[in-house]
Amino acid sequence: MDIKGAAKTNGLTISENVYYTLRKNIVNLHLRPGELLNVREITEKLHVSRTPVREALIRLEREGLIDVVPQVGTSVSKIDLDRVEEEKFIRSTLEEKVIELCLESPLQFMLPDLEKALLHQEAALQDADALTFLEWDDEFHRSIFHAMNKQMCWDLIQKNSGHYRRVRIMTMWYKDIRASVLEQHRQIYSTIKEKDSSRLYSLVHDHFTRIVIQEKELMQAFPDYFKTKPLTTDPLVSSFISAG
């Protein structure tokens with residue numbers, strides 16, 4: 001079990017620090033989907049007692065990021081594509097609304113932040129650094145919410161994106177996809193600057209729908225990372241079997 005970064009006392013409780021440390025490791029795929037978690041190992045790696053670790057695991061279970069199975073153990077949850085779809089719906093809905101505000105607002109304070117994020121994404125693309133690329137991808141979008149004074153909405157997205165983020169970071173392992181995302185961001189930046197509403201809505205919609213195709217490819221490449229749906233039986237077939 002490889003946990004990167006130790007819990008730090010930066011104004012938060014020990015339990016909160018353990019929670020944020022484990023959550024970051026899960027959503028960044030340092031802890032892989034399906035990987036078993038051992039309370040004793042976590043306490044030793046983070047130099048904390050068992051109580052804050054258990055409290056953190058309870059929070060992570062509520063978010064659907066870990067699974068606790070009696071007599072089996074605790075593991076990182078596999079990626080649930082139904083949950084990915086719902087988390088993506090939350091994000092795309094709020095993002096489309098905040099884009100509307102951009103078209104009605106002065107942009108002089110937002111554009112430099114978007115330009116900065118684009119420059120860092122370009123550097124991360126050249127360095128083949130998928131995680132840093134994704135972090136600046138998020139910063140590009142966060143800057144829009146921040147400029148429109150919608151930080152609470154962004155925080156809501158971050159809190160409810162554990163499964164979706166894991167899919168996003170997996171797509172960033174591929175340089176051609178990173179390059180495509182960067183180009184989309186450049187186009188979004190240009191259309192925001194020009195306040196071209198019809199083209200902007202189309203770009204934002206396309207930005208969120210492309211990942212559907214990528215999800216299918218990822219499931220084929222990394223089947224063990226994804227939650228499989230149970231087979232459903234047609235009610236008529238069930239009735240026939242019962243009658244037989």
Side-chain angles (χ1 to χ4, degrees), residues 2 4-5 23-33 65 76 78-81 83-85 87-92 94-96 98-99 102 110-147 154 157-158 160-194 196 199-226:
D2 181 22
K4 297 186 181 295
R23 190 182 194 282
K24 186 174 182 178
N25 275 267
I26 291 171
V27 299
N28 287 342
L29 292 176
H30 296 314
L31 294 173
R32 299 182 305 277
L65 290 176
V76 177
K78 294 194 175 185
I79 299 170
D80 183 341
L81 288 181
R83 183 151 183 153
V84 169
E85 182 59 34
E87 291 174 355
K88 185 168 58 179
F89 178 83
I90 292 171
R91 177 164 181 166
S92 62
L94 290 174
E95 192 125 1
E96 287 174 4
V98 85
I99 286 295
C102 285
M110 181 174 70
L111 293 179
D113 289 337
L114 297 182
E115 291 166 2
K116 178 181 177 181
L118 287 173
L119 287 173
H120 280 281
Q121 278 195 287
E122 289 171 3
L125 178 64
Q126 297 305 316
D127 294 340
D129 189 341
L131 181 55
T132 299
F133 185 93
L134 181 60
E135 288 173 347
W136 283 104
D137 180 308
D138 280 340
E139 182 60 22
F140 180 89
H141 292 274
R142 189 203 68 80
S143 297
I144 299 174
F145 282 84
H146 178 72
W154 180 252
I157 289 171
Q158 293 299 98
N160 295 279
S161 62
H163 288 252
Y164 180 40
R165 179 183 172 84
R166 289 188 288 175
V167 170
R168 288 174 65 221
I169 197 170
M170 290 173 72
T171 65
M172 297 304 169
W173 291 343
Y174 301 92
K175 186 175 181 179
D176 59 332
I177 293 179
R178 295 200 303 276
S180 175
V181 168
L182 177 57
E183 180 57 31
Q184 287 179 328
H185 279 185
R186 287 177 178 144
Q187 293 177 19
I188 290 171
Y189 168 81
S190 296
T191 52
I192 287 176
K193 190 174 181 179
E194 297 164 4
D196 184 345
R199 185 160 178 256
L200 183 56
Y201 289 133
S202 176
L203 283 170
V204 171
H205 177 74
D206 184 52
H207 194 55
F208 285 106
T209 54
R210 284 192 183 190
I211 202 169
V212 175
I213 297 173
Q214 296 161 358
E215 286 171 2
K216 295 177 181 177
E217 295 172 350
L218 290 172
M219 283 193 71
Q220 293 178 346
F222 304 94
D224 292 341
Y225 279 22
F226 291 86

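Please read all numbers here as calculations on a predicted model, not as lab measurements. Position 1 is the first residue of the sequence, and the numbers go up from there. Side chains are part of it too, since the values below use all heavy atoms of this structure and drop only hydrogens, waters and symmetry mates.
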| task | Taking the six-membered ring for Trp and the full ring for Phe, Tyr or His, determine whether the centres of Phe133 and Trp173 are under 6.0 Å apart. | result |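 Between Trp173 and Phe133, which both carry aromatic rings, the centre distance is not below 6.0 Å.
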| field | Heavy-atom pair of closest approach, residues Glu96 and Tyr201 | value |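 In terms of heavy atoms, the two residues are closest at O-CE2, 4.2 Å.
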A side-chain contact here means heavy atoms from C-beta on lying under 4.5 Å apart; do [X] and [Y] qualify?
{"X": "Phe145", "Y": "Ile157", "result": "yes"}
{"X": "Glu194", "Y": "Leu200", "result": "no"}
{"X": "Leu203", "Y": "Gln184", "result": "no"}
{"X": "Ile99", "Y": "Ile192", "result": "yes"}
{"X": "Asp127", "Y": "Thr132", "result": "no"}
{"X": "His141", "Y": "His146", "result": "no"}
{"X": "Pro33", "Y": "Asp224", "result": "no"}
{"X": "Glu215", "Y": "Phe226", "result": "no"}

| message | Assess the residue pair Leu65 and Val76 against the criterion (side-chain contact (heavy atoms from CB on, under 4.5 Å)); give the C-alpha distance rounded to whole Å, side-chain angles, the decisive distance to 0.1 Å, and a yes or no. | response | CA-CA 6 Å; Leu65 290 176; Val76 177; over 6 Å; no
| task | Please indicate whether Arg32 has more than 12 foreign heavy atoms, meaning atoms of other residues, nucleotides or ligands, lying under 6.0 Å from its CZ. | result |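 Open.
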| said: Within the supplied structure, the quantity of interest is the number of heavy atoms (other residues, nucleotides, ligands) at a distance under 6.0 Å from His120 NE2; does it exceed 12? | reply: yes
| So is Arg168 actually on top of Tyr164's ring, under 6.0 Å and inside 45° of the axis? | yes
| When you look at Glu122 and Arg186, which way does the salt bridge (Lys or Arg N to Asp or Glu O under 4.0 Å) test go after all the steps? | CA-CA 11 Å; Glu122 289 171 3; Arg186 287 177 178 144; 3.1 Å; yes
| task | Could you check Glu115 against Tyr189 for side chain to side chain donor-acceptor pair (under 3.5 Å), going step by step and ending with a plain yes or no? | result | CA-CA 8 Å; Glu115 291 166 2; Tyr189 168 81; 2.4 Å; yes
| field | side-chain contact (heavy atoms from CB on, under 4.5 Å) partners for Ile90, two or more places apart | value | Leu94, Asn160
| Just one of Arg166, Arg165, Glu135 clears the side-chain hydrogen bond (donor to acceptor under 3.5 Å, both in side chains) bar with Asn28, so which one? |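 That would be Arg165; it is the only one of Arg166, Arg165, Glu135 passing the side-chain hydrogen bond (donor to acceptor under 3.5 Å, both in side chains) with Asn28.
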| request: Go through the steps for Asp137 and Met172 under the test side-chain contact (heavy atoms from CB on, under 4.5 Å), then give the verdict. | output: CA-CA 10 Å; Asp137 180 308; Met172 297 304 169; 3.8 Å; yes
| task | Could you give me the CA-CA distance, side-chain angles and deciding distance for Arg91 and Glu87, then say whether salt bridge (Lys or Arg N to Asp or Glu O under 4.0 Å) is met? | result | CA-CA 6 Å; Arg91 177 164 181 166; Glu87 291 174 355; over 6 Å; no
